[in-house]
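For reference, positions follow the sequence shown, starting with 1. What you are looking at is a predicted structure, and each value in this text was computed from that prediction instead of being measured.
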Amino acid sequence: MTRNAATAKTVAATAGVPWRYRAAVASRALAALGGGYALASALAAAVAVHGQPVLSGHRAEAAIAGVMLGFIAYAAAFMTAFAARSAWRAWAWVLGPALLLGASVLLPRWLG
């Protein structure tokens with residue numbers, strides 16, 4: 001098979017995919033990458049701030065525990081973004097908890 005024939009076959013295979021499907025996959029990828037990062041960092045910050053009394057009382061242990069949980073949350077957010085029924089649900093499942101955790105860290109600083 002020549003190079004032009006292989007390229008033509010690839011173009012013909014992707015020509016039938018509607019642009020809405022491609023946009024939904026791109027949106028899910030952005031939700032997984034960007035939203036997963038936001039969720040992981042918000043969870044790490046929340047555990048570092050609020051987990052200090054629950055753990056042994058040392059800030060360093062709370063920060064390390066938050067980062068380790070953040071890795072798990074990032075992987076879960078990535079899988080959730082592609083397992084959701086729609087791209088809107090993927091964004092809601094990833095950004096909803098990230099916003100709540102971020103607010104739990106920032107609200108006490110803003111209010112007092």
Side-chain angles (χ1 to χ4, degrees):
M1 187 182 297
T2 65
R3 188 170 198 191
N4 290 338
T7 305
K9 227 178 191 184
T10 304
V11 170
T14 59
V17 178
W19 68 270
R20 288 185 186 216
Y21 177 77
R22 292 181 187 202
V25 171
S27 178
R28 287 172 190 255
L30 285 174
L33 293 171
Y37 180 79
L39 178 62
S41 61
L43 180 66
V47 171
V49 170
H50 302 300
Q52 188 177 355
V54 176
L55 298 169
S56 66
H58 297 288
R59 283 189 200 173
E61 289 183 13
I64 290 171
V67 170
M68 287 193 293
L69 287 174
F71 286 128
I72 295 170
Y74 189 75
F78 205 92
M79 290 184 279
T80 302
F82 286 99
R85 288 186 179 185
S86 67
W88 288 105
R89 287 187 184 192
W91 280 103
W93 277 101
V94 172
L95 285 185
L99 291 174
L100 290 174
L101 289 168
S104 76
V105 171
L106 294 176
L107 273 178
R109 295 177 192 264
W110 288 341
L111 298 178

d(Leu107 CG, Leu100 CG) to nearest 0.5 Å is 10.5 Å
Is Ser41 reaching over with its side chain to a backbone N or O of Tyr37, donor-acceptor style, under 3.5 angstrom? yes
Nearest heavy-atom contact between Ala63 and Ala48 is CA-CB, 4.0 Å
Which pair of non-hydrogen atoms, one from Ala84 and one from Ala90, has the smallest distance, and what is that distance? CB-N, 3.7 Å
Shortest non-hydrogen contact from Pro108 toward Ala103: CD-O, 4.2 Å
Can you find a pair of side-chain heavy atoms, one from Trp91 and one from Leu30, that are under 4.5 Å apart? yes
Could you go through the side chain to side chain contact (heavy atoms under 4.5 Å, CB included) check for Leu69 and Tyr74 one step at a time? CA-CA 9 Å; Leu69 287 174; Tyr74 189 75; over 6 Å; no
Considering only heavy atoms from C-beta outward, does the side chain of Val47 approach that of Leu101 to under 4.5 Å? no
Work out which heavy atom in Leu39 is nearest to a heavy atom in Ala77; give both atom names and the distance. CD2-CB, 3.8 Å
What's the shortest heavy-atom distance between Val25 and Phe82, and which atoms? O-CE2, 4.5 Å
If you take all heavy atoms of Ala24 and Ala87, which pair is closest and at what distance? O-CB, 4.1 Å
